[in-house]
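Taking it in order: structure first as structure tokens, then the write-up.
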Amino acid sequence: MWNRTKLDQWCDSALEAGWLAALVVAPLFFNVFSSRVFEPDKISLVRSIALAMIAVWLVKIANGGYAWLPASATPSEQRPPGGNWRGFVKNPFIWAVGLVILAFVLATIFSVAVFVSWFGSYQRLQGTYSFLAYVTIAGLTAATMRRPEQLRRFQHAVIITSLPISIYGVVQHYGLDPLPWGGDVQTRVAANAGNAIFLGAYLIMAFFLTLERVFTSFVRLMGIGQPANAEAQDWQSSLAGGAYLFVLLVQAIAIVWTQSRGPWLGWVPGIFLFALLTVSAVRPRYFRILLGLAVGGVAAIALFLIAANSVPALSFTRDLPYVGRLATVFEIEGGTGLVRVLIWSGAAEMLKPHEPLTFPDGGKDSANLIRPLIGYGPEAMWVAFNPFYPPELAQVEARNASPDRSHNEAWDSIVITGLLGFIGYITLFVTIFYWSLRWLGLVAGRRDTLLFGGLIAVGGIVGSVAIMATDGWQLRMAGVGLPFGIVTGFGAYTALAAFLHAGDKPDRSDLPRLMMVIALLTAIVAHYLEIHFGIAIAATRTHFWVFTAVLMLVGMRLLPVLPTELTMTSTETAQEPAAQPGKRAKSGKSAAAPIRRWRPSVGPSR
């Protein structure tokens with residue numbers, strides 16, 4: 001590493017402790033002695049961690065250290081001068097992130113409740129201050145994570161933290177929770193998140209990092225990517241694989257027992273996407289058949305959801321345990337589905353031209369004309385929503401309750417940061433999807449780029465128009481149709497690209513890196529789908545931004561996945577057997593092909 005002094009090393013260690021602490025504290029911590037117990041307390045700690053990380057980083061800069069560490073493989077003669085500030089802007093996500101930051105800042109300056117927009121509301125504390133804390137933690141993670149052991153600590157921090165949380169959910173399901181919660185946490189477990197939807201939203205992100213560890217551990221037992229002393233480490237791979245598998249099963253059980261449709265709708269497609277990308281990366285025998293099975297599985301799940309929600313003959317599925325939750329996904333005539341749709345109706349009205357809002361002192365909203373562009377300000381929806389409150393909502397919700405969230409990330413971004421923030425948020429996710437596929441080798445040229453962009457655009461437009469057509473052409477449902485159309489276009493391109501690039505020879509020496517990209521990408525895709533049926537919380541915001549930073553580092557090869565001494569190279573371990581003297585090869589039998597084994601080699605990567 002290119003630390004210039006001992007103080008630089010201490011600062012980098014403190015920064016690493018900061019992002020590790022954020023990944024642990026955000027999902028795990030809650031305080032039963034606090035008036036709010038969950039979200040505000042979690043966010044207060046995350047903010048404090050971000051401030052401490054900024055202070056440490058400034059000390060490092062003042063000491064002459066690097067603002068952005070070079071890649072670990074950078075030769076000494078190519079050591080960049082100065083603080084290497086260009087590293088912050090030489091990454092593919094910077095413009096999308098900058099646009100989102102700009103939207104939040106402008107929305108806060110022109111907010112209808114500036115103080116609340118900056119510091120956050122009493123109920124959520126998700127103001128611009130909190131948003132910048134998430135971005136700061138992710139940015140400093142990207143600036144300082146350069147060693148493979150740091151990557152493993154990151155992954156294990158996420159996995160290990162999820163285990164006690166998942167176990168707590170199991171404890172609640174069996175009615176063994178010693179804490180007297182006000183609601184029913186046995187039918188739908190909530191664990192450390194305080195809400196079943198929040199718990200499921202967090203666990204589906206941790207699930208895919210655990211799944212990658214399970215896959216890698218058992219693949220090594222099959223002889224792919226095992227160290228040179230494979231026989232001595234077989235038991236270690238077996239033990240690690242078994243431990244990861246146990247964590248994975250507990251996570252899956254807890255996710256199912258949340259009975260939360262939003263997380264499920266992100267989790268299940270994420271599993272199929274993980275399988276699709278993994279088959280494409282590994283290219284096993286009959287991989288075309290396996291690709292077809294993965295695509296067919298997604299189509300079967302989608303058809304089942306549509307049929308269960310629209311075919312009267314399948315109405316019995318609504319009474320089935322767990323399955324019945326999915327059979328009511330499209331139900332908007334009652335329950336939480338109706339509440340969401342009515343809130344989206346009000347959010348759509350906020351976007352249209354209207355009379356200026358009147359403040360308590362009698363003043364008028366001077367920024368009314370540009371509200372569609374800049375929004376009403378973070379955490380300000382509950383202040384601005386009352387004039388647009390649908391009367392029908394009072395029949396299904398408390399009459400004195402004013403929504404502070406749309407329960408849909410698309411509408412939330414439009415209401416709080418306007419069309420500017422909405423465009424930034426869509427751009428950020430599409431950029432993540434695009435560059436991830438490039439790093440996986442599924443976008444390799446101009447044709448692929450145009451095809452990707454076309455399918456994403458068509459998917460988003462068709463998804464929005466199709467779902468609006470089923471709702472009397474009202475704008476309110478576009479917040480669901482657009483993201484699901486985008487993901488459908490993304491999935492269609494991924495499946496198509498896997499077949500288009502079927503002739504490409506996979507570089508299995510790069511398999512650990514590819515698997516890490518796949519795990520992070522599928523976690524982000526699952527999160528993207530989930531937040532359009534729920535509310536992004538401290539844990540999922542923190543994980544999303546840190547996952548994005550790590551994805552960028554791994555994808556751009558700034559962060560190696562394996563240590564140098566374990567770099568995987570292709571070696572010929574068995575040559576064609578020599579013919580024995582005096583004997584001729586049997587006719588019609590070809591000589592034995594060399595056996596290829598993938599193992600680490602000592603020395604620098606080639």
Is it true that D41 and R36 have a side-chain N and a carboxylate O under 4.0 angstrom from each other? no
Residues S162 and Q251: side-chain donor-acceptor under 3.5 angstrom: yes
If we ignore angles and hydrogens, is there a donor and acceptor under 3.5 Å between the side chains of D12 and T144? no
Name all residues meeting the salt bridge (Lys or Arg N to Asp or Glu O under 4.0 Å) criterion together with D177; count only those two or more places apart in sequence or in a different chain, and write none if there are none. none
Are I271 and F208 close enough that some pair of their side-chain heavy atoms sits under 4.5 Å apart? yes
Counterpart residues, salt bridge (Lys or Arg N to Asp or Glu O under 4.0 Å), relative to E392 (two or more places apart): none
With no hydrogens and no angle check, just 3.5 Å: does a side-chain donor-acceptor pair link T328 and R261? yes
Stepwise side chain to side chain contact (heavy atoms under 4.5 Å, CB included) test for F207 and L211: CA-CA 6 Å; F207 177 88; L211 183 60; 4.1 Å; yes
Would a 4.5 Å heavy-atom cut-off, applied to side chains only, mark V525 and P269 as touching? no
Hey, what do you get for CG (L419) to CG (L351), rounding to the nearest 0.5 Å? 5.5 Å
Centroid-centroid under 6.0 Å between H354 and F388 rings: yes
Do E530 and Y202 get their side chains close enough for a donor-acceptor pair, meaning under 3.5 Å? no
Quick one: CD1 on I197 to CD1 on I535, what's the gap to the nearest 0.5 Å? 7.5 Å
Measure from the side-chain N and O atoms of S111 to the backbone N and O of Y376, and report whether any donor-acceptor pair falls under 3.5 Å. yes
Spell out, as yes or no, whether a donor-acceptor pair under 3.5 Å connects the side chain of H173 to the backbone of G169. no
Between F490 and Y434, does the ring centre distance come in under 6.0 Å? no
V383: side-chain contact (heavy atoms from CB on, under 4.5 Å) partners, not counting sequence neighbours: V112, A113
Would a 4.5 Å heavy-atom cut-off, applied to side chains only, mark L125 and E39 as touching? no
Please list, chain by chain and in numerical order, all residues satisfying side-chain contact (heavy atoms from CB on, under 4.5 Å) with A536, sequence neighbours excluded. E409, I531, T540, R541
Step through it carefully: locate the ring centre of W118, locate the ring centre of F131, and say whether they are under 6.0 Å apart. no
Does CZ in F359 sit with more than 12 non-hydrogen atoms of other residues, nucleotides or ligands closer than 6.0 Å? yes
For E355, is there an ion pair with K364 - N to carboxylate O distance below 4.0 angstrom? no
Let me see the working for F422 and L482 under side chain to side chain contact (heavy atoms under 4.5 Å, CB included), right down to the final yes or no. CA-CA 12 Å; F422 173 72; L482 178 64; 3.2 Å; yes
According to side-chain contact (heavy atoms from CB on, under 4.5 Å), who are the partners of V554, at least two apart in sequence or on a separate chain? L151, R513, M516, V517, V550, L559, V561
Please examine the side chains of I165 and P27, heavy atoms only from C-beta on, and report whether any two atoms are closer than 4.5 Å. yes
Could you pull out all residues at least two apart from L428 that satisfy side-chain contact (heavy atoms from CB on, under 4.5 Å)? A96, V97, I432, F544, W545
Any chance you could lay out the side chain to side chain contact (heavy atoms under 4.5 Å, CB included) test for E212 and Q155, step after step, and finish with the verdict? CA-CA 10 Å; E212 185 276 332; Q155 194 170 9; 2.7 Å; yes
With a 4.5 Å heavy-atom cut-off, do L529 and L265 have their side chains touching? no
Any V256 side-chain heavy atom under 4.5 Å of R325 side chain: no
To the nearest 0.5 Å, what is the distance between NZ (K60) and CG (L140)? 9.5 Å
Could you check F547 against F154 for ring-ring contact (aromatic ring centres under 6.0 Å, His included), going step by step and ending with a plain yes or no? CA-CA 10 Å; F547 280 22; F154 152 76; 5.7 Å; yes
Using a 3.5 Å distance criterion without hydrogens, assess whether the side chain of D471 forms a donor-acceptor pair with backbone atoms of Q474. no
Checking W257 against Y322 for the side chain to side chain contact (heavy atoms under 4.5 Å, CB included) test, could you report, in this order, the C-alpha distance in whole Å, the side-chain angles of both residues, the deciding distance, and whether it holds? CA-CA 8 Å; W257 283 346; Y322 303 106; 3.1 Å; yes
Measure the CG-CD1 distance between L273 and I524 for me, rounded to the nearest 0.5 Å. 11.5 Å
Near W95 CH2, under 6.0 Å, is it more than 12 heavy atoms from other residues, nucleotides or ligands? no
Can you tell if the side chain of H543 reaches within under 4.5 Å of the side chain of M205, non-hydrogen atoms only? yes
Is it the case that the ring center of F533 lies less than 6.0 angstrom away from the ring center of H407? no
Backbone N/O of T258 and side chain of S260: donor-acceptor pair under 3.5 Å: yes
Crowding at OH, Y425 (>12 non-hydrogen neighbours, <6.0 Å): yes
Before giving the answer on ring-ring contact (aromatic ring centres under 6.0 Å, His included), spell out for W382 and Y122 the whole-Å C-alpha distance, their side-chain angles and the decisive distance to 0.1 Å. CA-CA 12 Å; W382 66 278; Y122 175 75; over 10 Å; no
What distance do Q172 atom CD and T187 atom OG1 have between them, rounded to the nearest 0.5 Å? 11.0 Å
May I ask you to say whether E349 pairs ionically with R476, meaning some side-chain N is under 4.0 Å from a carboxylate O? no
Pair Y129, S117: side-chain N/O donor-acceptor within cut-off below 3.5 Å: no
Only one of T108, V116, T128 passes side-chain contact (heavy atoms from CB on, under 4.5 Å) with E379; say which it is. V116
Determine whether the aromatic ring centres of residues F29 and F38 are separated by less than 6.0 angstrom. no
